[in-house]
Amino acid sequence: MLGSRYRGRRKGVAVRAGSVEQARREAKLTLAQVAAGQLTRTAIHLIEKGRTRPSMETLQQIARQTRKPIEFFLIPDSPAYTERQEQLRELQRLTAVRELQKVIDIGTSLLEQKWSGEDAALIHFSLGQAYCRLVRPTEAIPHLKLARAEFERVDDELMAVEGLDWESSALSLVEDPEALPLASQALERCRRLDPKTPQVEARILGHIAGMHVVSQSWLVAIRYYEAAVEAASSVKDLLQLAKMHHGLGLAYRWIGQPVTARQHYDKALALYSIEADESSIYRVENDLGYLLLQEGQLDSAEQHLLKALAGSSEVNMDRRGRGYILASLGEVKLRRGRPEEARSYLKDSLEEGESSGERIVQAEAHVRLGQLDEREGKQGLSDDHLETAIRILEGLNMPERLRDAHMYYAELLEARQDIAAALQHWKRAAEIGKAAALGIKLTRAASSREFEESLA
């Protein structure tokens, strides 16, 4: 155990008198719960009474169990406040205030030094969060996997849950089907934590809701977002509340409740403004612009979308976020009857989607380019774009988007009087809709007969 492993080999860390007992009582834990099978109750008691000094590893164990930062226990200016510990604390501070590029620069530099497994895990975790928040998931995933493996190894259940959540979020960004099962596992384990962690639970619920938004499972997303709002409200976490209202706005928009959607967007903007989260503010501006676009308010929509586009450049928003904005601006120009401007925006959107590897943006751009080419009488090019969009969406677990793409194509073919081809796409759209409603994954290769058999 940690208490005996280093006995006689280290002098121990000088801790602030009464701090260990104070932390335990505030956390409402017994001596045994703080020991957690890694130490003896007697060892914790002796540390509390100042009769022995804990090693740094033992103090980290106590800090984890009581949910206190290491500095809560340490005496200022004691030898434990080493330069290395200051570097770790600075990294954690930068992560908390979202100085993301600084986290990457400092974290990468720190990894060049020799660290204990647990400290290295914390560095990897900070780097993973930073890359994830910058929407650079391929760089985030290796760091998050390494961090979670170490947290699991030392039985740090809270950090293991945190690692699961962030890893699932990164996987979701690369459209990995393992993202949702991993997030569900994080939620299950989070709810078993003692003491409870409503702030972490709120974030996990929000991430799961976001995954359902991407797959267009709107009612399920709303259920998770509302649960997240309840959890975040209990700890007065304004940033989490902002995210949940933003997500609820998206979901209500898609189920055809624009007034409710607008109310949630307005709440999200107000909360993000309080937190000075400019990147998120511009994302809401984009979504608000899209909502107004769908309501036919082209002037207001364009105003919000241009503000989002300008803001995305100011805050160095990842290309993924810009791709959506450009696609929406392309649709504005398409509706205004300005084909050249529309094509410019949509081509830029497609380029952003291809550069970032975000297939949803690629599919959306192809659908709109197909509609544009159809208006200009370029039927061959229109077919190419719509068929490409369908192929992309078939590779994703997003049945509602795939259904909609078939419906767009069917409407286009009907307008050409190609009734037979249109019926094939209407039929396919209906099959996908029924399969989605029953939770059945229907691939392109599945025939109507096989679909009907699966329903039996």
Heavy-atom donor-acceptor pair, Ser19 side chain to Arg16 backbone, under 3.5 Å: yes
Indicate yes or no for a side-chain donor-acceptor contact from Ser172 to the backbone of Ser168 under 3.5 Å, with no hydrogens or angles considered. no
Look at Arg93 together with Glu99 and state whether they make a salt bridge at an N to O cut-off of under 4.0 Å. no
Yes or no on salt bridge (charged side-chain N to carboxylate O under 4.0 Å, His left out) for Lys434 and Glu431, after CA distance, side-chain angles and deciding distance? CA-CA 5 Å; Lys434 290 178 182 177; Glu431 290 175 346; over 6 Å; no
With distance as the sole criterion, is a donor-acceptor pair present between the side chains of Thr388 and His366 under 3.5 Å? no
Any Ile123 side-chain heavy atom under 4.5 Å of Leu91 side chain: yes
Distance col, row Arg98:CZ vs Leu134:CG, nearest 0.5 angstrom, shows 10.5 Å
For Ala186 and Leu164, work out which heavy atoms get closest and say how close. CB-CB, 3.7 Å
Check for a donor-acceptor pair, side chain of Gln65 on one end and backbone N or O of Gln33 on the other, with a separation under 3.5 Å. yes
Is Glu157 salt-bridged to Arg64, cutoff N-O under 4.0 Å? no
Side-chain H-bond candidate by donor/acceptor type, Ser55 with Thr58, under 3.5 Å: yes
Before giving the answer on side chain to side chain contact (heavy atoms under 4.5 Å, CB included), spell out for Leu144 and Tyr131 the whole-Å C-alpha distance, their side-chain angles and the decisive distance to 0.1 Å. CA-CA 10 Å; Leu144 293 169; Tyr131 282 123; over 6 Å; no
Please check this pair: side chain of Ser217 against backbone of Val220, looking for a donor-acceptor N/O pair closer than 3.5 Å. no
Donor-acceptor under 3.5 Å (Arg24 side chain, Leu29 main chain): yes
Under 3.5 Å, is there a donor-acceptor pair linking the side chains of Gln362 and Glu358? no
Please examine the side chains of Leu292 and Glu295, heavy atoms only from C-beta on, and report whether any two atoms are closer than 4.5 Å. yes
Side chain to side chain contact (heavy atoms under 4.5 Å, CB included) assessment of Ile390 paired with Leu402: CA-CA 6 Å; Ile390 288 170; Leu402 178 58; 4.0 Å; yes
Could you tell me whether Glu351 and Lys347 have a side-chain N and a carboxylate O separated by less than 4.0 Å? no
So, Ser349 side chain and Gly323 main chain: donor-acceptor pair closer than 3.5 Å or not? yes
All N/O donor-acceptor pairs, side-chain side in residues 249-262, below 3.5 Å, sequence neighbours left out:
residue: Tyr252; atom: OH; partner: Glu226; partner atom: OE2; Å: 3.3
residue: Arg262; atom: NE; partner: Asp266; partner atom: OD1; Å: 3.4

Considering only NZ, NE, NH1 and NH2 on the basic side and carboxylate oxygens on the acidic side, decide whether Glu139 and Arg136 come within less than 4.0 Å. yes
Quick one: side chains of residues 300-311, donor-acceptor pairs under 3.5 Å with protein atoms, not counting sequence neighbours, listed by atom name and distance.
residue: Glu302; atom: OE1; partner: Arg336; partner atom: NE; Å: 3.2
residue: Glu302; atom: OE1; partner: Arg336; partner atom: NH2; Å: 3.2
residue: Glu302; atom: OE2; partner: Lys333; partner atom: NZ; Å: 2.8
residue: His304; atom: ND1; partner: Glu285; partner atom: OE1; Å: 2.5
residue: Lys307; atom: NZ; partner: Glu285; partner atom: OE2; Å: 3.3

Residue pair Arg148, Leu182: steps toward the side chain to side chain contact (heavy atoms under 4.5 Å, CB included) verdict: CA-CA 12 Å; Arg148 181 164 71 91; Leu182 209 62; 4.3 Å; yes
Look at the side chain of Ser233 and the backbone N and O of Val229, then say whether any donor-acceptor pair between them is shorter than 3.5 Å. yes
With side chain to side chain contact (heavy atoms under 4.5 Å, CB included) as the criterion, how do Val174 and Ile141 come out once you've worked through the C-alpha distance, each side chain's angles and the decisive distance to 0.1 Å? CA-CA 10 Å; Val174 295; Ile141 291 168; 4.1 Å; yes
Please report the closest heavy-atom contact between Met244 and Ala228, naming both atoms and the distance. SD-CB, 3.1 Å
Are more than 12 heavy atoms, taken from residues, nucleotides or ligands other than Tyr290, located less than 6.0 Å from that residue's OH atom? yes
Nearest heavy-atom pair of Val103 and Leu127: which atoms, and what distance? O-CD2, 3.7 Å
Do NZ/NE/NH1/NH2 and the carboxylate oxygens of Glu150 and Arg153 come within less than 4.0 Å? yes
With a 6.0 Å cut-off (strictly less than), is the heavy-atom count around CZ of Arg192, excluding the residue itself, greater than 12? yes
Run the ring pair (Phe, Tyr, Trp, His ring centres under 6.0 Å) test against Tyr224 and tell me which residues pass, sequence neighbours left out. His212
Closest heavy-atom pair, Ala327 versus Leu346, reported as atoms and distance to 0.1 Å, is O-CD2, 3.8 Å
State, with a plain yes or no, whether a side-chain heavy atom of Thr95 is found less than 4.5 Å away from one of Phe125. no
Side chains of Met159 and Leu122 in contact at under 4.5 Å (non-hydrogen atoms): yes
Can you tell me how the ring of His245 sits relative to the ring of His264, calling it parallel under 30°, perpendicular over 60° and tilted otherwise? parallel
Lys196 bridged to Glu201 by N-O distance under 4.0 Å: no
Testing the basics here: between Tyr272 and Ile281, what is the closest heavy-atom pair and its distance to 0.1 Å? CB-CG1, 3.6 Å
